[in-house]
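Just below is one structure, and these are the notes that go with it.
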Amino acid sequence: MSIEDQGSLFDSDPEVAKILADELNRQRTTLQLIASENFTSPAVMAATASVLTNKYAEGYPGRRYYGGNVFADAVEDLARERVKQLFGAEHANVQPHAGASANLAVFLGVAQAGDTILAMRLDQGGHLTHGSPVSITGKTYRFVSYGVTPAKEDGSGERIDLDLVRDLALRERPRIIVAGTTAYTRIIDPVPFREIADEVGALFMFDAAHPAGLIAGGEHPNPVGVADIVTFTTHKTLRGPRGGAILCNQEFAKAIDAAVFPGLQGGPLEHVIAAKAVAFAEAMRPSFKDYASRVVTNAAALADALASEGFRLVAGGTENHQIIVDLRTFDADLTGKAAQDALDRAGITCNRNQIPDDPRSPFVTSGLRLGTPAETTANMGVVEMATIGSLIGRVLRDHENERVLSAVREEVRVLCSTFDPYPDAIVS
Ligand code: DSN
């Protein structure tokens, strides 16, 4: 390796270094309100950027197909033990590269192609990997979908329709019942799903991708021990590196491990697994409990602010880290896509999202999804949430007026300067 190749990233590849510096600047100077994103700690990033990126470790600790894995074993064992302790699980697999691969591994491990699986439909708040026809899950298994109850004036509708879940379960006798959502703002109680699964002899899988950090922090009920298998991502409310994990009872351990490797994946990303271990330890600290509670309080404050700006909130508000806004009553012509673009130009990053029974396509949508995990990490509180709600109202009332967008962007920059997630960041 030449001396130049061992220099800093900036010396070795200024082009990539500049892109990374620009991205850091974007994250520090604009509002990050994507409900599935967060700001990891420098410790998590350091582990992700470690020498373990060099190591092949196909297999599991103590049973690898390559030599030299003493430290890969140590770090993967540590990650597994920590996550088992965090959630009270019997068995953990920390190798899934993402939530999508964790979900697919469960289906591969405990179902046969063509088996029936009952899950929530994408346009009702479910996930692509819960059987969307464009996902390999929907192409391989026979999915039957449930959704939410109709919207009600008083906000008590748009809840998971458990009567429908039970009716469909009794009629279809699925192999697996999946609970878990990607765009849903209420607490999901795993117990009624367990009861339905027991009634029809189905396995029960809980996809905790979104609430994992709220569960770890004690804000939401823990599905571990209620569900047979729990999947989650490590990078959303849990604030770890990008990735997935699976927790299960001992009974399913062998099938799940074999499905992840060699069933679905090759070499595990041990540098990311090291970062998962760091994140699991962070989530066990008392300060994480406080963080999870602030995420929920901030989401409620942002929901209140948006409601007072005249937006209709799906399910009448929030009990978790996200808010789904139905734009149609605010401005019948304003699509989620146009709203997302205007907010982006004003320095407010969020994503368009379908609302239940959305007449528009997933690419256009009639809604927005907003979340508080990242800006809560940056220490924003309810006062800032009220400000953000009013900035969003200003932008969307006048979304084609570039002067308004520039003025808001400057206010966002000033706000973000006091809530910098990485005040000591150095890009080399
Ligand atoms: N992309 C994730 C989310 O934003 O919720 C789901 O895959």
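Whatever order the structure lists them in is the order used to number ligands and atoms, beginning at 1. When reading the values below, keep in mind they use all heavy atoms of this one structure, side chains included, and skip hydrogens, waters and symmetry mates. Source: prediction; values computed, not measured.
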Per-atom filter on ligand 1: closer than 4.0 angstrom to a heavy atom of H210 are 3 (C), 5 (O)

Atom 7 (O) of ligand 1 [closest protein heavy-atom partner, distance rounded to 0.1 Å] = H127 NE2, 2.6 Å

Between D163 and R166, is there a salt bridge with N-O shorter than 4.0 Å?
-> no

Salt-bridge present (E172, R142; N to O < 4.0 Å) = yes

Per-atom filter on ligand 1: closer than 4.0 angstrom to a heavy atom of T182 are 3 (C), 5 (O), 6 (C)

So, K152 and D154, do they make that salt bridge, N to O below 4.0 Å?
-> no

Are R394 and D398 ion-paired here, with the side-chain N under 4.0 Å from a carboxylate O?
-> no

For atom 1 (N) of ligand 1, what is the nearest protein heavy atom, given as residue, atom name and distance?
-> S36 OG, 4.5 Å

Residue from D420, D22, D424 passing salt bridge (charged side-chain N to carboxylate O under 4.0 Å, His left out) with R28 = D420

What do you reckon, does K236 have a nitrogen or oxygen under 3.5 Å from a nitrogen or oxygen of ligand 1?
-> no

Which segment of R369 sits under 4.0 Å of ligand 1 when only heavy atoms are counted | side chain

